[in-house]
Amino acid sequence: TQSTRPQRLLGAVQKNATRGHPRSVIQAIDHFCRNKEWAMNVGDEKGCILDSVVSEVSPATVLELGTYCGYSTVRIASRLPPHAKLITLEFNPEFAVIARQVIAWAGVEDKVQLVEGASGDWIPRMKEQFGVKTFDLVFLDHWKDRYLPDTKLMEECGLLRKGSILLADNVICPGTPDYLEYVRNSPRYESQYFKSHLEYTKVEDGLEKSVFLG
Ligand SMILES: O=C(NCCO)c1cc(-c2ccc(F)cc2)cc(O)c1O
Ligand SMILES: [Mg+2]
C-alpha cells in the first residue's frame, strides 16, 4: 500500500534526526522538503522570523492553529520558557498521527498539547477545557479562510488580552486577503508585514504580526 507524504516525512525524521534534539528534527524536515518532497511546513526562512517573534514574546501560553506534521510546533516548543504551554489544533487526523510522533521524536511533548478537531469548535471551549485565560501568542497556519472568523471568535471568547500577538503564515501565498484587510485596518490591531518566501521556493510569501490592542 502507498505511503503518504506525511508518513515519508516522519520516516526522514526517524532516519536522520536524533531523538530529543529538536534542531536536528527541524534540519531533517527541511532537508527532506528541499531535496525530496515539498511539504507545507512554515520552513526555514519564515521559521527564522517565527523564532525571533517567539524569543521576543517569550510566551507562557501559545495557541497554534494548524499542526500539519508538527514542524512549527517543534520550532516554537523548543524555544519556550520553562513551564510554558503550547496548544496546537489539527483538523486532519492523519496529520495529527504523524505530528504526535514528530513532536515525541523531538522530545518536546511535555510542552505541547495536540488537540484534534475544528478550530471553530475548540476555540469557544479553550477556557473550560484547558484552563486557559488568554494566549500570549497565536500562530495561524491552518485553512486560510478560517484565519478571519477564528480571530473574531478568539476576540469574542476573551482569549486575547492587550498585547497578545497574532502571527499569521501565508498571508500572500496562498493568501488570506480578508484577514489581512481586517488586522491592517482595525483600530484594535497594530500590524506589521515580514516579507519572505513560500517555504522551500522563490515565490513571495510572508508573515503578518499583529498586536491586539484590547
Ligand atoms: O493549506 C495550508 N495549510 C493548512 C492545511 O494544513 C498551507 C498551504 C500552502 C500551499 C499549498 C500549495 C501551494 F501551491 C502553495 C502553498 C502553504 C502553507 O504554508 C500552508 O500552511
Ligand atoms: Mg503555512
Side-chain angles (χ1 to χ4, degrees), residues 4-10 12-13 25-26 28-54 62-79 86-103 112-123 137-151 153-154 165-180 183 191-210:
T4 65
R5 180 167 309 184
Q7 286 170 334
R8 295 191 292 273
L9 181 149
L10 173 62
V13 166
V25 169
I26 297 305
I29 295 173
D30 285 331
H31 187 270
F32 175 79
C33 293
R34 276 195 186 289
N35 299 285
K36 299 280 188 331
E37 300 185 62
W38 186 91
M40 58 183 165
N41 319 115
V42 73
D44 43 357
E45 192 179 313
K46 289 185 289 179
C48 285
I49 301 166
L50 172 62
D51 293 350
S52 57
V53 171
V54 173
V62 183
L63 176 62
E64 175 179 64
L65 300 175
T67 316
Y68 186 42
C69 295
Y71 175 93
S72 49
T73 320
V74 169
R75 269 198 105 113
I76 296 167
S78 63
R79 277 170 184 76
L86 192 170
I87 296 173
T88 182
L89 299 187
E90 179 51 58
F91 178 77
N92 182 316
E94 184 225 299
F95 296 165
V97 164
I98 299 299
R100 289 188 197 286
Q101 297 174 78
V102 169
I103 290 160
V112 175
Q113 173 141 33
L114 195 162
V115 180
E116 290 186 48
S119 49
D121 297 340
W122 278 108
I123 285 169
L137 172 66
V138 181
F139 181 52
L140 297 93
D141 194 22
H142 59 330
W143 287 342
K144 308 315 162 193
D145 61 357
R146 290 298 314 177
Y147 283 29
L148 182 54
D150 286 345
T151 297
L153 194 53
M154 286 187 285
I165 303 289
L166 303 186
L167 187 65
D169 189 26
N170 309 117
V171 296
I172 303 300
C173 177
T176 62
D178 59 345
Y179 172 80
L180 268 192
V183 290
S191 245
Q192 181 183 4
Y193 176 60
F194 292 83
K195 186 173 188 297
S196 184
H197 295 93
L198 177 69
E199 47 266 28
Y200 318 114
T201 77
K202 293 183 165 51
V203 173
E204 183 180 344
D205 189 20
L207 301 176
E208 187 81 1
K209 179 188 171 195
S210 307

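Atoms within each ligand, like the ligands themselves, are counted from 1 in listed order.
Considering backbone and side-chain atoms together, W143 places no N or O closer than 3.5 Å to any N or O of ligand 1.
Close approach to D169 involves these atoms of ligand 1, each under 4.0 Å from a residue heavy atom: 19 (O). Close approach of ligand 1 to H142 is summarised as follows: ligand atoms under 4.0 Å from at least one heavy atom of the residue are 3 (N), 4 (C). Under a 4.0 Å criterion applied to the non-hydrogen atoms of E199, ligand 1 contributes the atoms 17 (C), 18 (C), 19 (O).
Side chains of E199 and C33 form no contact here, defined as non-hydrogen atoms less than 4.5 Å apart. Using a 4.5 Å heavy-atom threshold, the side chains of L167 and V138 count as separate.
Assignment of Y71 to the shell around ligand 1 is not supported, since no heavy atom sits closer than 4.0 Å. Between G66 and ligand 1 there is no heavy-atom distance shorter than 4.0 Å.
The tally of protein N/O/S atoms under 2.8 Å from the Mg ion (ligand 2) stands at 3.
A salt bridge links K144 and D141; the closest N-O separation between the charged side-chain nitrogens and carboxylate oxygens is under 4.0 Å. With salt bridges taken as basic N to acidic carboxylate O contacts below 4.0 Å, none links E64 and R75. Between D44 and R34 there is a salt bridge, with a side-chain nitrogen of the basic residue lying less than 4.0 Å from a carboxylate oxygen of the acidic one.
In the candidate list S72, P174, G175, C173, P174 is nearest to atom 10 (C) of ligand 1, counting heavy atoms.
For atom 6 (O) of ligand 1, the nearest protein heavy atom is under 4.0 Å away.
Of the protein's non-hydrogen atoms, the one nearest atom 20 (C) of ligand 1 is N170 OD1, 3.3 Å. Looking at atom 3 (N) of ligand 1, its nearest protein heavy atom turns out to be K144 NZ, 3.4 Å. The protein heavy-atom contact nearest to atom 12 (C) of ligand 1 is W38 CH2, 4.2 Å.
A donor-acceptor pair under 3.5 Å is formed between the side chain of T4 and the backbone N or O of Q7. A donor-acceptor pair is defined here as one N or O able to donate and one able to accept, closer than 3.5 Å; such a pair exists between the side chain of E45 and the backbone of H197.
For Y68, the ring-ring contact (aromatic ring centres under 6.0 Å, His included) partners two or more places apart in sequence, or in a different chain, are F95. Taking Y147 as the reference, H142, Y179 meet the ring-ring contact (aromatic ring centres under 6.0 Å, His included) condition, with sequence neighbours excluded. For R8, the side chain to side chain donor-acceptor pair (under 3.5 Å) test picks out S3, E37, with sequence neighbours left out.
If you look at L198 next to ligand 1, the close heavy atoms, those under 4.0 Å, all belong to the side chain. Heavy atoms of N41 found under 4.0 angstrom from ligand 1: none, in either backbone or side chain.
Only one option out of D169, D51, N41 pairs with K46 in a side chain to side chain donor-acceptor pair (under 3.5 Å); it is D169.
When only modelled atom types and interatomic distance are considered, D150 and S119 share a side-chain donor-acceptor pair under 3.5 Å.
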